Structure formats: C-alpha cells, structure tokens
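One structure is given here, and the rest of the page talks about it.
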Amino acid sequence: MMVLSGCSIPKLYCASPAPVMPGDFNGTTTADNVADVGVCEFFGDPMLTDLIAEGLASNQELKIRNQEVQVAANEILSRRGAYLPFVTVGAKGGFDRTSRYTPLGAAEDQLTYPGGGTFPDPLGNVGLTANLFWRVDIWRELRNSRDAATNRYIEAVEIRDFYVTRLVAEIAENYYELSALDQRLTYLNQTIEIQKQSLEVAQAQKDAARGTELAVQRFLAEVRKNESQRYIVSQSIIETENKINFLVGRYPQHVDRQSWGFITLDSQVLAVGVPAQLMQNRRDIRAAERELAASGLDVLVARARFFPTLDITARVGFEAFNPRYLFDPGAFIANTAGELVAPLINKKAIRAEYLSANARQLQAVYDYQRTVLNAYTEVVNRMAKVENYRRGVEIKQGQVQALEESVSVATNLFQNARAEYVDVLFSQRDLLEARVDLIETKQQQLSAIVNAYQALGGGYLLNNAGMTYKDVRCLPPGYSLCESVQSGSATGEMELPVPPTVDGQPHPATPDALSPTSLDQVEVEPAAEVTLLPAINQPGKIVKYHGANEVPPEFAMPERY
C-alpha cells in the first residue's frame, strides 16, 4: 500500500533565486544602527513619546492585531490536540421489541439471563462506556500541521510588531506636520500685521496726496487673502490634530506639542548599519520568513496524505438490559480495533491539494524576496531623501534671510516715499511664500527621518533600556515612557506598574492588562528531511528558535502576546 501510494506523488516546482542583497546602501555602511535606538532617545520629545505611549495602549487597530495573535495561538491548541488520543465517555439507554415470528425474536423468547430469569418484553438496553480514538501520526502529518500553526502564531506576533513600528512613525509624522502648521500660522499672522502697517502707510500717503487709491486697495486685497488663508491653515490644524487623536484612540481634543523652533530631530544622526541587519530588525521580513517556514510544512502535510493512515479505536464499559445489573462483572464489555487505510484510485483531490500547497510555498518564497527587496529600497530612498532635503533646507534658509532683509529695506523706502508700493507688496509676498516653502521642506525632511528610522526597523524598542510594546500594554493611562527611563536605576532597569488582579490572577475585565506567559527557549521538533525547494536554505525543516516571541513545546495559552 505504501509503495503504490508513494509512486504517484507528483514532482514539486522550484522557485527562481532572488538577486543577491548588496553589502551596503549605495556605498554607505556604519558600525552602529539607529534601529537599536529607543523611541524616547531618538525623538527626545516627551510630548511626542507620551502620545506614542497612549497610542500603543489605546489604538484600536493594534488591539485588532492582538486578537489576531490570539486566534493564531488558539490554532496551535487545536492542531496540538489533533495528534493526541481522543477519549470520550457516554451513557445510553433504550428498549427494543422484536417480533416473535422472526428467527431472532423466536430465539430471544427461549433465552434466560444468569439467575434463571427470562428477558422482559420489550427488552431494555442501558450502557456506560469510555471510548478512545487515535490516529497514529506515522508520517508527522499532524505534528507538521502543529508546527506550521506555531510558525503562523509567531508570524502574527511579528506582523503586530511591524504595525507597532508603523504606528510610531505615523504618530510622529503627523506630530511634526502639526508643529509645521502652527509655524505657518505664526508666519501668516506676522505677515498680516506687516501688511496692515503698510496699508496704514498707503492710506496716510493717499490722504496727504502723495499716493493713490490703487496702493490702498492692493494692500487691502493682500491682507484679505492672507486672512482667508489663515482659516484654511486653522482647518488643517484641526484635521491633523484629529488624525493624531484617532491614532491614539481618543475623541477629538487639543494635542500638546512642541513649538517649531524647539524641534531638533534633524540633528539626529541616522546610522544605517549594514543591509543584512534588516533581516533581524524589520518585523515584516521576519513575518515573511515565518510564513515561508509554515508553507514548507504545509507541503509536508499534503504529502503525507498520499500514504496509509492508521486509526485505533477502543471501548470499555458496562451494558445490561436493566440498570440494576449495570455494574455486575458479567456486564463488562470491551473491544478494540485498528484500521490501516491508503488511497489507491481517484486521488485527484489529494494531488490537487499537494500541488496547491507547493504553489502557496512558491508564493511565500516570492513574497519573502519581495519583502526584502522592498525593505532595502525603502532605506535607500528615504536616506537619500533625508540628505537632499537637508541641503534644500540650508539653501532655503539663505533665501528667507535675503527676503527678510529685502522686506525691511522696501518697507523703509516705502515709508519715506522712496519706493513704490509694488516693491513692498512683492517682497512681502515672496517672503511669505519662501517661509512656507522652508517649513514644508523642513517638514518633509523630518518626515523622511522618521520614515528612514522605521525602514531600518526602528520604533520597536521604546527606549534604550529594552522596553518594548509588550511592556507597556499594562501601563495605566498617562504613563510617561521617558520618565520611566529617567527614574530608573543606573542600570536602566524600570519598575512597571502591576496590573490589577483578583485572587492573584489578572482581572477578567481588563484583557489588555494580563500578565505575560514566558515564551523563551523554544525547540520545535524537526520535520522529516524532504527536499522541497532548492532556494530554501533548510528545505522541509524547522530549526530551533530561541526568543521572547516563540512558543514552547508544552504550549500554554498566552495571557499577553
């Protein structure tokens, strides 16, 4: 049966190899990596880090990702139970009356039970039994399925952690946009005040017959234009504040932030490290790697269905026609059986599932290759953007300084009737446009720095002491990450608040405040060594993983993940 089943297994398809990752980022490498810098130390802004902490505790999308992790954890329990024996207990009762004009009924009419009595009519039947069913996992089909579920659980954790890094970057990006809008509003107000002064001068010159109504109306139109623009910027401020409020999981309210002049993120040195570190620091790459391992195990699961299955059943208990005899030794019953079954003819469904598993494995290979390529490209693009916008900011600062001087000169000349109003009008307009361009360029530079930090894998560590998202899920509202670093010991250790408990157990009404289950020292049993794809370093095998996100062999339901 084994030979006949194994001979019909179709061949697998192989993936095309990926291009070799370069050893540097377009000629740039550093000894350090900014991905190892915590959020508190990288941004250096308590107001921003408080927003980030609140977002990690209250963001609804992040809570959805946590439940996806829980679903994946439950799948492990389901798969783990599949390869263990199933034992059930049951009771039954009923009666049966057979016609005496049939061979069976005529024979029963002549029978007596031990003790000399005759069986009643109708004949009762009661029983109490324990039943066992066990599918022996000869080809590791069920255990490979369990290991695939374990990898997908860790994949769900990595996807959740990748969202954490994107959430940190998105909050920071909107925070800097908000500060930039504040500064733009400040410049608008300053320009309006200067233009109102020029309007007063033009009106005075007209009254003194040294000017015309044209100058008055042109200055008045410019003032009205900027006053209208001020309301548009104010609306943008409201919308940006509410973007941040949505990300941190709260209703619209004022967002505290630093003024534009106190933001120093552009002084942060971006150490890129080497490209190979992306494999460890980027959570999306680590998630794609886990999916690749799980899809390889799925192929082994589908392959095992070509071979015979061994099912063992057994039953023990008591059975009698009357409950009073149910526990008599003579009422004891027992049986056991084994069944070996193999597919022989019409295995198209099994072949189709096997080839589909191979196709999904190829998808996982190409998705992994694409994820690595995308991560490298993101780093190169964003690092180049940081440098180019930095140079652009330096040039625009010189432009703004020159225009500020030109406005001062033109205003003095106009007030002394030595320049036309058009010179003042144009110089003020050019200064405002240059200031707005400078703010937008600086904002884009800050955004590029934040995105480069995220592209390198930054945002997972919340501070240099090693605090991560798992450590802040049970923190109370308003807890400051940066204050925890400053108030910690000299070794960087922090005392975290203890979540509420009931009789020593986590409070059932606060699922986000559950204590963590240790997930260290993982050792997943190796799968059968079957060559699946030459492009995979260890085809068909699960290596031993050690780390805080993995699942131990004796898997217990994680209370916090």
Side-chain angles (χ1 to χ4, degrees), residues 174-242 254-264 266 389-447:
N174 283 279
Y175 178 85
Y176 293 129
E177 181 182 353
L178 188 57
S179 295
L181 289 170
D182 287 341
Q183 186 64 25
R184 184 177 175 183
L185 189 61
T186 299
Y187 283 150
L188 268 173
N189 291 331
Q190 292 176 0
T191 302
I192 290 171
E193 291 302 318
I194 294 174
Q195 288 174 344
K196 284 182 177 180
Q197 295 174 6
S198 299
L199 176 61
E200 293 175 357
V201 172
Q203 185 66 45
Q205 290 179 349
K206 175 194 171 186
D207 294 341
R210 297 171 57 189
T212 64
E213 182 67 18
L214 179 60
V216 175
Q217 295 302 323
R218 289 294 299 271
F219 277 118
L220 181 60
E222 197 69 16
V223 170
R224 294 294 181 260
K225 183 189 76 172
N226 289 327
E227 286 178 340
S228 174
Q229 187 65 27
R230 183 166 56 185
Y231 286 105
I232 296 174
V233 174
S234 298
Q235 177 62 27
S236 298
I237 289 175
I238 293 174
E239 292 178 357
T240 306
E241 279 187 324
N242 290 336
H254 175 73
V255 175
D256 295 329
R257 64 266 193 184
Q258 292 279 13
S259 62
W260 185 249
F262 289 93
I263 292 177
T264 59
D266 52 331
Y389 274 80
R390 181 190 64 81
R391 295 175 181 176
V393 167
E394 292 177 354
I395 296 173
K396 284 187 177 294
Q397 286 174 339
Q399 178 193 11
V400 169
Q401 291 175 0
L403 289 171
E404 287 173 345
E405 184 65 24
S406 71
V407 168
S408 178
V409 172
T411 301
N412 290 333
L413 292 174
F414 177 64
Q415 290 174 352
N416 294 296
R418 297 177 59 187
E420 297 293 333
Y421 74 91
V422 175
D423 297 329
V424 179
L425 194 65
F426 285 172
S427 62
Q428 292 173 353
R429 182 183 297 174
D430 291 344
L431 175 59
L432 180 59
E433 291 178 355
R435 282 177 165 178
V436 171
D437 288 343
L438 175 59
I439 293 172
E440 291 180 351
T441 305
K442 181 67 175 292
Q443 178 196 335
Q444 289 295 322
Q445 180 195 11
L446 297 176
S447 176

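These numbers were taken from a predicted model, which means no experiment stands behind them.
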Would you be so kind as to tabulate the donor-acceptor pairs closer than 3.5 Å made by side chains of residues 397-405, with sequence neighbours excluded?
from: Glu404; atom 1: OE2; to: Arg435; atom 2: NH2; distance (Å): 3.0

Can you list the residues that meet the ring pair (Phe, Tyr, Trp, His ring centres under 6.0 Å) rule with Phe414, with sequence neighbours excluded?
Phe219
In Å, rounded to the nearest 0.5 Å, how long is the span from CD of Gln235 to CD1 of Ile238?
5.0 Å
Under the rule for salt bridge (Lys or Arg N to Asp or Glu O under 4.0 Å), what residues qualify as partners of Arg391, not counting sequence neighbours?
Glu387
Among residues two or more places apart or on two chains, list those pairs meeting ring pair (Phe, Tyr, Trp, His ring centres under 6.0 Å) that have a residue in residues 177-203.
none
With rounding to the nearest 0.5 angstrom, report the OG1 to CG distance, Thr264 to Leu446.
9.5 Å
Could you pull out all residues at least two apart from Thr240 that satisfy side-chain hydrogen bond (donor to acceptor under 3.5 Å, both in side chains)?
none
Worked check of side chain to side chain contact (heavy atoms under 4.5 Å, CB included) between Ile232 and Gln229:
CA-CA 5 Å; Ile232 296 174; Gln229 187 65 27; 3.9 Å; yes
Looking at every heavy atom in both Thr191 and Asn226, which two are closest together, and how far apart are they?
CG2-ND2, 3.9 Å
Within residues 181-192 or reaching into it, pairs that qualify as salt bridge (charged side-chain N to carboxylate O under 4.0 Å, His left out) - sequence neighbours excluded:
Asp182-Arg257
Qualifying salt bridge (charged side-chain N to carboxylate O under 4.0 Å, His left out) pairs, either residue in residues 188-204, two or more places apart
Lys196-Glu227
Side chain Tyr175, main chain Gln258, donor-acceptor under 3.5 Å
yes
Nearest heavy-atom contact between Leu181 and Val233 is O-CG1, 3.7 Å
Please tabulate, for the side chains in residues 436-443, all donor-acceptor contacts under 3.5 angstrom to protein atoms that are two or more places apart in sequence or on a different chain.
from: Thr441; atom 1: OG1; to: Asp437; atom 2: O; distance (Å): 2.7

Taking only residues two or more places apart in sequence or in another chain, which ones pass side-chain hydrogen bond (donor to acceptor under 3.5 Å, both in side chains) with Ser198?
Gln428
Using 0.5 Å steps for rounding, measure from the CG atom of Leu432 to the NZ atom of Lys225.
7.0 Å
Residue pairs passing the salt bridge (charged side-chain N to carboxylate O under 4.0 Å, His left out) test where at least one lies in residues 419-431, sequence neighbours excluded
Glu222-Arg429
Which residues pass the side-chain hydrogen bond (donor to acceptor under 3.5 Å, both in side chains) test with Tyr176, not counting sequence neighbours?
none
Pairs satisfying salt bridge (charged side-chain N to carboxylate O under 4.0 Å, His left out), at least one member in residues 209-218, at least two apart
Lys206-Glu213
Heavy atoms, side chains only, cut-off 4.5 Å: are Tyr421 and Leu214 in contact?
yes
Side-chain (Ser228) to main-chain (Arg224) donor-acceptor, under 3.5 angstrom:
no
